[in-house]
Amino acid sequence: MRYLYSVYSDAARIALQSILAHKLRAFLTLIGIIIGVAAVVVVGASVSGLNTYVTDKVAKLLGANHFMIARMAFQGRRTDEEFERMNRRNKRLNWDDYEWMKDHCTSCSEVGVEVGSQVDLKQDAIEFPGAIVFGVTSNMADIEDKIIVDGRFISDDEVQRSALVCVLGGEIRDKFFPNINPIGQTLKVRGMPMRVVGVEEKRGAFFGDSLDRHIYIPATTHLQIFGRNGLQIHGKAPTRENFKPTIEDARMTMRNKHRLKGNEEDDFGLVNVEDLNKQIDQFTGSIAAVVVPITLITLIVGGIVVMNIMLVSVTERTFEIGLRKAVGATRRQILMQFLIESGMLCAFGGVIGLLVAYGVTTLITALAGITMTITIGYILLAIIVSSVIGMIAGIYPAFKAARLDPIIALTKTT
């Protein structure tokens with residue numbers, strides 16, 4: 001054991017001395033490895049950051065343990081024929097569907113309603129185009145995990161009596177009431193004066209669409225102002241463990257309301273947060289499966305460069321190899337010396353590449369506002385792959401060095 005330790009430690013020491021003796025050449029050799037490792041880690045961090053970003057935005061947009069039933073709602077792609085069939089078959093949901101769901105979905109901890117319309121706001125010479133006015137029931141704040149930073153959300157009594165009250169999104173509050181407390185102020189929606197009772201916390205944008213251009217009013221008030229647009233029925237499971245049974249209970253409840261037979265397709269659409277998150281994982285996983293192997297090509301190119309430099313190193317150190325063989329070094333020891341040197345060289349490149357990747361991801365996070373996470377998986381992948389490529393790249397030069405005839409090698413002075 002002590003002998004093996006001595007052999008490998010001597011080989012590592014000689015390899016390190018050789019690398020440090022030619023610092024500039026070693027650095028130039030490693031540029032391909034550095035770029036390759038940095039590319040793999042940055043791409044991995046980007047995919048992980050994108051996944052986290054979208055998942056967080058979905059959670060902020062929809063809330064946890066949340067599902068939605070609407071006339072047209074589905075996950076994934078649909079063919080034109082499927083869409084047309086759904087469009088003909090599916091019924092528009094109405095208030096009776098909501099009340100039936102509320103009374104008969106025993107697994108649901110909450111059942112609410114949301115209906116949206118786009119409107120251009122104008123008041124006191126201030127214009128705000130493209131605001132989204134949502135008619136909601138009082139429990140939508142709990143279903144979608146909304147955070148009210150000022151005032152309160154709409155109450156159940158205000159929904160029952162179709163009160164003219166509203167809750168503002170952050171952008172609308174900043175536009176119409178920038179320097180005053182908006183609570184108790186009036187904002188006109190379609191000419192109707194709405195008393196502001198609350199302000200929602202700013203939620204940012206989701207794929208370019210702002211989530212702060214929203215106004216929430218009682219659902220009954222919305223139906224009176226905008227007409228009977230298709231309702232969306234929203235539900236919430238009490239716990240994550242009960243999520244799937246709750247969704248199935250809600251689906252069967254709606255099928256019973258629409259008197260659907262066992263072999264008939266649903267005439268409504270259902271979307272839930274869990275399925276959306278799974279699709280996000282599949283989407284980002286597909287990106288990683290395509291992009292990461294492409295970036296690994298850079299590491300292979302870097303390995304070829306390392307092989308060339310190791311061949312040069314063998315040629316330069318022919319006399320040294322012959323001398324070591326003459327004093328008793330075995331082929332295996334010479335082979336291990338050069339394999340360790342090439343592996344150590346690429347491992348250094350991997351570490352430098354990680355530092356470069358950390359700097360790039362930190363810069364992108366600061367500029368783009370998307371948190372890029374360097375996971376331990378990608379760190380290990382980068383280090384292990386770079387070291388393995390270094391070992392592979394060093395095999396041929398190491399074999400060439402190990403097979404040198406010591407007598408011929410000792411005649412070489414350069």
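K102 NZ: 12 or fewer foreign heavy atoms inside a 6.0 Å radius. By the 6.0 Å contact criterion, CZ on F177 is enclosed, its count of non-hydrogen atoms from other residues, nucleotides or ligands being greater than 12. Counting heavy-atom neighbours within 6.0 Å of R195 CZ, excluding the residue itself, gives a total of 12 or less.
Partners of D174 under the salt bridge (charged side-chain N to carboxylate O under 4.0 Å, His left out) rule, at least two apart in sequence or in another chain, are K202. With sequence neighbours excluded, the residues that form a side chain to side chain donor-acceptor pair (under 3.5 Å) with E99 are W95. Remark: T362 engages no residue in a side chain to side chain donor-acceptor pair (under 3.5 Å) (not counting sequence neighbours).
Atom CD1 of residue I69 and atom CD of residue Q232 lie 11.0 Å apart, to the nearest 0.5 angstrom. Rounded to the nearest 0.5 angstrom, M194 CE and T221 OG1 are separated by 6.0 Å. Separating the CZ atom in F128 from the CD atom in E171 is a distance of 5.0 Å, to the nearest 0.5 Å. Distance CG/L270 to CD1/I233: 10.5 Å, rounded to 0.5 Å. Between Y98 atom OH and K257 atom NZ the span is 14.5 Å, to the nearest 0.5 Å. Atoms CE and CZ, from M140 and F134 in turn, are 9.0 Å apart once rounded to the nearest 0.5 Å.
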Which is it for I172 and D212 under the side chain to side chain contact (heavy atoms under 4.5 Å, CB included) test, yes or no, and what are the steps along the way? CA-CA 7 Å; I172 296 177; D212 299 315; over 6 Å; no
Output, in order, the C-alpha distance, side-chain angles, deciding distance and verdict of side chain to side chain contact (heavy atoms under 4.5 Å, CB included) for T246 and F67. CA-CA 9 Å; T246 300; F67 63 89; 3.9 Å; yes
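Across every non-hydrogen atom of T137 and V113, the tightest pair is OG1-N, 3.0 Å. Shortest non-hydrogen contact noted between E127 and K175 is O-CE, 3.2 Å. Minimum interatomic distance between L168 and R173 (heavy atoms only, all atoms of both residues): CD1-CA, 4.1 Å. Considering all non-hydrogen atoms of both residues, L354 and V37 come closest at N-CG1, 3.9 Å. Considering every non-hydrogen atom in both T361 and Y358, the closest pair reads OG1-O, 2.9 Å. C166 approaches I217 most closely through the heavy-atom pair CB-CG2, 3.8 Å.
In this structure, the side chain of S109 engages the main chain of K236 through a donor-acceptor pair within 3.5 Å. At distances below 3.5 Å, not a single donor-acceptor pair connects side-chain atoms of D124 with backbone N or O atoms of I126. A side-chain donor-acceptor contact under 3.5 Å links D120 to the backbone of G130. Between the side chain of N94 and the backbone N or O of D97 there is at least one donor-acceptor pair closer than 3.5 Å.
Side-chain contact between I143 and E114 is absent, with no heavy atoms from C-beta onward closer than 4.5 Å. Taking 4.5 Å as the limit, every side-chain heavy atom of V133 sits out of range of all side-chain heavy atoms of I225. Counting heavy atoms from C-beta outward, Y216 and K146 have side chains that approach closer than 4.5 Å. At a threshold of 4.5 Å between non-hydrogen side-chain atoms, the residues C108 and D249 do not count as touching. Two residues are said to be in side-chain contact when any heavy atoms from C-beta on lie closer than 4.5 Å; L231 and L223 meet this criterion.
No side-chain N or O of H234 forms a donor-acceptor pair with one of N139 less than 3.5 Å apart.
Taking the six-membered ring for Trp and thresholds of 30 and 60 degrees, F268 and H258 have ring planes more than 60 degrees apart, a perpendicular arrangement. Using cut-offs of 30° and 60° for the angle between ring planes, the H104 and W100 rings count as parallel.
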